Amino acid sequence: MDVFAVTSKSSSELPEGIQKTTLDGLLAVSDVLCLTCPLTVDTREMINQQTLSKMRKGAILINTSRGPLINEADVAAALAEGKLAGYGADVMSNEPPRPDNPLLAQPNAFITPHIAWATTEARARLLHTAIDNVKAFINGTPQNVVNPI
């Protein structure tokens with residue numbers, strides 16, 4: 001598998017085998033597109049009718065980050081038209097999803113409860129990170145600081 005990424009990191013900072021590209025470049029070459037980015041002003045509905053039109057026919061879209069990264073109506077339409085072969089997500093714009101969410105009517109939309117982070121390993125890592133953050137703050141060297149947008 002060729003792996004491409006849109007990232008702020010330089011190519012030399014990426015693990016071996018991962019190639020840096022632009023969003024348009026990623027859309028053009030991806031058979032499977034996984035969204036693993038934060039929700040910001042720039043990423044809100046980054047997957048929409050316009051970006052979907054740049055994707056390969058029959059591609060699979062996976063969103064395990066934030067529901068509002070996609071325009072759900074546009075993704076549902078792409079599934080209905082056969083533009084996308086499938087959509088997998090454990091996140092929705094509204095959780096729980098509203099009964100009229102167009103993705104729920106698509107047979108190739110696979111939606112699970114928002115629990116992808118809940119493995120034993122992920123929860124242990126979360127606890128250790130929280131403990132390390134508190135220790136660093138007490139020592140006057142805060143880490144993993146989140147600045148509001």
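Bear in mind the structure is a predicted one, so any value in this text is a computation, not a measurement. Residue indices begin at 1 and follow the sequence shown.
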Going through the distances and angles, do N94 and M92 end up as a side chain to side chain contact (heavy atoms under 4.5 Å, CB included)?
-> CA-CA 5 Å; N94 293 297; M92 303 289 286; 5.8 Å; no
Could you tell me the separation between the CG atom of L23 and the CG atom of L33, rounded to the nearest 0.5 Å?
-> 8.0 Å
Rounded to the nearest 0.5 Å, how far does CZ of R125 lie from OG1 of T129?
-> 7.5 Å
Stepwise, does the side chain to side chain contact (heavy atoms under 4.5 Å, CB included) test hold for L35 with L61?
-> CA-CA 8 Å; L35 302 178; L61 177 62; 4.2 Å; yes
Euclidean distance, I111 CD1 relative to N101 CG, rounded to 0.5 Å | 6.0 Å
Just by distance, do the side chain of K135 and the backbone of A130 share a donor-acceptor pair under 3.5 Å?
-> no
For L52 and K83, work out which heavy atoms get closest and say how close.
-> O-CE, 2.9 Å
The reported gap from OG in S93 to CZ in R44 (rounded to nearest 0.5 angstrom) is 8.0 Å
In short, salt bridge (charged side-chain N to carboxylate O under 4.0 Å, His left out) pairs touching residues 56-75 with sequence neighbours left out are D31-R56
Answer yes if V3 and V6 sit in the same cluster of Ile, Leu, Val, Met, Phe, Trp and Tyr residues linked by side chain heavy atoms under 4.5 Å apart, and no otherwise.
-> no
Given side chains that start at C-beta, do those of C37 and L69 come closer than 4.5 Å, heavy atoms only?
-> yes
Between the main-chain N or O of P38 and the side-chain N or O of T43, is there a donor-acceptor pair closer than 3.5 Å?
-> yes
Give a yes or no on this: more than 12 heavy atoms of other residues, nucleotides or ligands lie within 6.0 Å of atom CD of E95.
-> yes
Min side-chain heavy-atom separation N108-Y87 under 4.5 Å = no
Kindly indicate, with the supporting measurements, whether the criterion side chain to side chain contact (heavy atoms under 4.5 Å, CB included) is fulfilled by N63 and I47.
-> CA-CA 10 Å; N63 184 7; I47 302 299; over 6 Å; no
Salt bridge (charged side-chain N to carboxylate O under 4.0 Å, His left out) pairs touching residues 13-28, sequence neighbours excluded, are D24-K54
The reported gap from CD in Q19 to OG in S11 (rounded to nearest 0.5 angstrom) is 9.0 Å
How far apart are the C-alpha atoms of I70 and L103, what are their side-chain angles, what is the distance that settles it, and do they pass the side chain to side chain contact (heavy atoms under 4.5 Å, CB included) test?
-> CA-CA 11 Å; I70 70 154; L103 288 170; 4.1 Å; yes
For S30 against A59, the heavy-atom pair lying closest together = O-CB, 3.7 Å
Please round to the nearest 0.5 Å and tell me the distance separating atom CZ of F4 and atom CG of L26.
-> 8.5 Å
Under a side-chain separation threshold of 4.5 Å, the hydrophobic residues clustered together with I62 are V32, I60
Can you name the nearest heavy-atom pair linking G58 to A85, along with the distance?
-> O-CB, 3.2 Å
Is any side-chain heavy atom of T64 closer than 4.5 Å to a side-chain heavy atom of V91?
-> no
May I ask you to check whether over 12 heavy atoms, not counting those of Q143, lie within 6.0 Å of atom CD?
-> yes
